[in-house]
Amino acid sequence: MKPPTFKAPAHHIGVTSRVGTWLGITFGLCFVTGLLSHGVQHDWPWPTRPVDLYRVTQGVHVISGVASIPLLLAKLWSVYPKLFERPLVRNVPHALERGSILVLVAASFFELVTGLFNAAQNYPWSFYFPTAHYAVAYLAIGALLIHIAVKIPVVRRTLEPPSEERTVLSRRAFLRTTALTTGVAIVTTAGVTVPWLRDISVLAWRSPGALPVNRTAKAANIVVPPDWRLKAGPKSYSLEELQAMPQTTVELPIACVEGWSQNATWTGVRVADLVHKGDVRVESLERDGLYRATTLPEAFAQDPLTLLALKLNGEELTPDHGYPCRLIAPNRPGVLQTKWVTSLEVR
């Protein structure tokens, strides 16, 4: 049986090459910034300055992931007629190429779909998202590099301007539509990271008003004992004693791994005034949860902007924001800004 003929201008190797180039750029940005985010959360060396660096890298990670979705769909649309080519496999190299494409497409869809659900904090699966997302990212980028190595001669050749004017205009229309769709996807979601886009980012998953909360005190089963005291090395402090100490006010963002970020004004005691030099283990009243205890590297613990915060925007912390006190440090992921702190221990 003769396979069907596909004559639409979008089903052209030149279109595939251009969209594929754009997709390679967004995928590359997404992979590199995701790798940085994973490293920051797993004790890789990371600077305290600039204070917005993590906010920028994680924002780029999520925005480039969102941009990759329409680009991936456009690329698949441009090449899907190849599924009907016969024979399905011509030789061993062709089989390996098709196998790598299958891995690339499957891994790409997994990364983008699960990443989008993670940004919305919706987890309709039983596996642990960070581990799976991190592992499959290597599959995706490995398959992508193989695909680029195989196709780069074709890409170079097909990026040259073609001669058929009518066909060229149709292809350009498809490429413009793809670019516009990608731009709309970015603008309608990027307000979670880019403040000046918040009023028009209608699909942003966090309100631009009050500082968002990922995990509430109720969800974390937090009960603050009446005799609560902060343990800091060999000493301990009541809330009243912390409030009586010299207070520092700083403006720092909460930058979450889901991509949203927002500035706030924090007031509290510098961590450096409470503990000696060294890495500091910060423990929460929360009894369960992966981030109930975190490690604050010495560079952060001694930074004058790192606080044990007692107030948020001039008001006493609410339970959902970490009452009686919480950690706030420059250039740290939100999951490491421990709430409901109960002890600081130098390691």
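Contact between Val213 and His321 at its shortest, heavy atoms only, is CG2-CE1, 3.4 Å. Pro324 and Leu239 get closest at one heavy-atom pair: O-CD1, 3.9 Å. Residues Asn214 and Cys256 share a closest heavy-atom pair of ND2-SG, 2.9 Å.
A salt bridge links Arg55 to Asp52: at least one charged side-chain nitrogen sits closer than 4.0 Å to a carboxylate oxygen. The pair Arg229-Glu241 counts as a salt bridge, with a side-chain nitrogen and a carboxylate oxygen less than 4.0 angstrom apart.
Expressed to the nearest 0.5 Å, how far CZ of Arg215 lies from CD1 of Ile222 amounts to 8.0 Å. Taking OG1 of Thr26 as the start and CG of Leu23 as the end, the distance is 4.5 Å to the nearest 0.5 Å.
Within a 6.0 Å radius of CH2 in Trp77, other residues, nucleotides and ligands contribute 12 heavy atoms or fewer.
Neither side chain, Glu286 nor Tyr291, offers a donor N or O lying under 3.5 Å from an acceptor on the other. Between the side chains of Ser37 and Gln58, at least one donor-acceptor pair of N or O atoms lies under 3.5 Å. Side-chain atoms of Thr338 and Ser284 form no donor-acceptor pair, as typed in the model, at a separation below 3.5 Å.
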**Report entry** Trace of the ring-ring contact (aromatic ring centres under 6.0 Å, His included) decision for Tyr54 with Phe300
**Finding:** CA-CA 14 Å; Tyr54 182 78; Phe300 286 87; over 10 Å; no

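Inter-residue side-chain proximity for Asn118 and Glu258 is flagged as met; some heavy-atom pair is nearer than 4.5 Å.
Relative orientation of the Tyr138 and Phe31 rings is perpendicular, given thresholds of 30° and 60° on the angle between their planes. Between Trp125 and Tyr123, the ring planes are perpendicular. Angles over 60° get that label, and only those under 30° would be called parallel.
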